[in-house]
Amino acid sequence: MKPLHIYYKLLRHFGKQYWWPAETRFEVIIGAFLTQQTNWKNAEISIENLKHKNLLDPNSLSTSNRDQVEILIKKSGFYRQKAKRIIKFSQYLVNKYGGSLDKLFCGSKENIRKELLSLEGIGPETADSILLYAADKLSFPIDSYTIRVCERLGIRELQYKKLGEFFKNNIPRDLEIYKELHALIDMLGKNYCKKKPLCCRCPLINECIYPKK
DNA sequence: TCCCAGGCAGGGC
DNA sequence: GCCCTGCATGGG
C-alpha cells in the first residue's frame, strides 16, 4: 500500500486537518517547541497565555523574563527547559536576523535545516515541522505517531532518516499533501493506534494492513 | 495507579 | 552508531 493511497483514504475518512493551527509563522515555531512530548491542547493553552501577554513575537519574547514565561507555559510540561529554549531561539532570531523569519528562511532547505538543528531544543522532528509548516519547505516530519502507524503497516524502515526517505520517495512533491498527510497520520495514530493493545481497532488501518485483493 | 502526550540533550557503551 | 535517563504537567 502506497502512502499516497493511504493519504486519500485518510482524507476521505477524517477530512482536511488544516495544520498548523496558528496565526503567524513565529507562533508555529513556538508551538513546535511547546508541544514536544506534550498534548497539543496543553501547548495551545500556553500559546494563548503568551499571546495575552503580548509575548508571541521575537522581540518581546527575546527580552522577556524567564520566570514569567515559565509560569505562562507551565501547562505544557518541561516548562523550565522550554522557557529557556523559546527565549534563546527568539534571541538568536533577533540578534542574527533582526527578528525576521524571511531572512532565516531565505537559504536552501538543507542549510536552514542544519541551522535549526544547531539550536538548543530543536531536533529532527521539530526542525522538519518548522520547515514544513513555518517555512513552506518540502520536509516530512516523522513523529512517534508516524512511526507507530508505519509499524502497523509493516513498513520496515522505522528509523527517522529512512522513514523520511520513504515518504519523500513515495508521495508527490506537493506542500499541501505533505502538510495534510502528516496531520492525518497523527489523527489516526492519536485515535486508533495506541501502543497497547497491539491489535488495532481502526477499520481503516486494518484495511491498510490487510488490503483487499 | 499507571500510561501517555505532535522530543530533545547528554551520557555511557 | 544505539540505548537510557531526566525533563514536568495534565488527562484518561
Side-chain angles (χ1 to χ4, degrees), chain A residues 3 6-7 10 14 16-22 25-50 66-90 92 113-135 137 139-152 156-165 167 177-202 205:
Chain A
I6 296 168
Y7 166 68
L10 293 174
F14 292 113
K16 284 186 76 172
Q17 303 299 304
Y18 299 104
W19 273 24
W20 189 294
R25 293 180 297 172
F26 188 70
E27 187 178 327
V28 172
I29 296 170
I30 299 306
F33 279 98
L34 294 180
T35 195
Q36 287 169 5
Q37 196 63 23
T38 301
N39 187 307
W40 170 252
K41 282 186 178 174
N42 289 329
E44 210 167 25
I45 292 166
S46 300
I47 297 260
E48 287 305 312
N49 289 341
L50 291 170
R66 194 196 288 182
D67 294 336
Q68 185 195 7
V69 173
E70 286 183 0
I71 292 166
L72 293 173
I73 69 168
K74 205 156 194 172
K75 284 206 78 154
S76 40
F78 305 109
Y79 61 90
R80 280 195 287 266
Q81 305 184 352
K82 288 178 181 176
K84 181 183 168 197
R85 290 170 182 179
I86 61 177
I87 291 171
K88 276 186 81 174
F89 174 80
S90 304
Y92 177 84
R113 192 169 193 276
K114 275 181 200 164
E115 186 169 0
L116 290 173
L117 287 173
S118 74
L119 303 177
E120 185 182 339
I122 300 182
E125 188 202 328
T126 306
D128 287 328
S129 293
I130 291 171
L131 281 167
L132 180 59
Y133 294 104
K137 306 283 184 189
S139 204
F140 199 86
I142 308 296
D143 60 8
S144 54
Y145 290 135
T146 309
I147 293 172
R148 197 182 305 170
V149 170
C150 286
E151 276 177 355
R152 300 292 180 277
R156 292 286 177 193
E157 301 142 280
L158 292 175
Q159 292 141 337
Y160 194 99
K161 199 176 174 185
K162 287 186 176 178
L163 210 43
E165 292 290 314
F167 279 98
I177 293 178
Y178 271 58
K179 289 182 180 182
E180 281 298 326
L181 180 56
H182 174 66
L184 286 163
I185 287 174
D186 274 32
M187 174 60 79
L188 179 64
K190 207 177 286 188
N191 289 299
Y192 298 104
C193 288
K194 301 293 181 189
K195 280 185 181 170
K196 294 174 184 176
L198 283 174
C199 87
C200 187
R201 285 169 300 163
C202 173
I205 256 299

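Chain letters run A, B, ... following the sequence lines, proteins first, then strands; residues in each count from 1. Computed from heavy atoms alone, side chains included, the values below leave out hydrogens, waters and symmetry copies.
- Residue A:I86 contributes atom CD1, which lies 19 Å from atom P of C:dC7 at whole-angstrom precision.
- If you check every strand for non-hydrogen atoms under 4.0 Å, A:S129 touches nothing.
- In summary, the side chains of A:D143 and A:T146 do present a donor paired with an acceptor at a separation below 3.5 Å, with no hydrogens or angles considered.
- At B:dG7, none of the side-chain N or O atoms of A:T35 fall inside 4.0 Å of OP1 or OP2 (strictly under the cut-off).
- Within 4.0 Å of A:F78, counting heavy atoms only, lies at least one base atom of the nucleic acid.
- For A:T126, a side-chain nitrogen or oxygen approaches OP1 or OP2 of B:dC8 to under 4.0 Å.
- As judged by a 4.0 angstrom heavy-atom cut-off over every strand, A:K74 is placed among residues touching the sugar-phosphate backbone only.
- Ranked by how close their nearest DNA chain B nucleotide is to the 5' end, A:G121 and A:W20 are led by A:W20.
- A:K190 has its NZ atom 16 Å from the P atom of C:dG11, to the nearest Å.
- Using a 4.0 Å heavy-atom criterion, one finds that A:I147 contacts no nucleic acid atom at all.
- Using a 4.0 Å heavy-atom cutoff across all strands shown, A:Q159 reaches sugar-phosphate atoms only and no base atom.
- Distance, A:L34 CG to C:dT9 P: 15 Å, rounded to whole Å.
- Side-chain N/O atoms of A:R80 include none lying less than 4.0 angstrom from OP1 or OP2 on B:dC8.
- Note on A:P124: only backbone sugar-phosphate atoms sit closer than 4.0 angstrom, heavy atoms only; bases stay farther off.
- Going from atom CZ of A:R85 over to atom P of B:dA9 covers 6 Å, rounded to whole Å.
- Within the 4.0 angstrom heavy-atom criterion, base atoms lie near A:D186.
- For the pair A:Q36 CD and B:dC8 P, the computed distance is 5 Å after rounding to whole Å.
- Base engagement by A:G77 is indicated by at least one non-hydrogen atom pair under 4.0 Å involving a base atom.
- Within the structure, every side-chain polar atom (N or O) of A:Y79 is placed at least 4.0 Å from both OP1 and OP2 of C:dC7.
- Straight-line distance from the CG atom of A:N42 to the C1' atom of B:dC4: 12 Å, rounded to whole Å.
- For A:W20 and A:W40, the distance between ring centers is under 6.0 angstrom.
- Note: CD1 (A:I122) to C1' (B:dG7) measures 12 Å, nearest angstrom.
- Spacing between atom CG of A:L117 and atom P of B:dC8 amounts to 9 Å, rounded to whole angstrom units.
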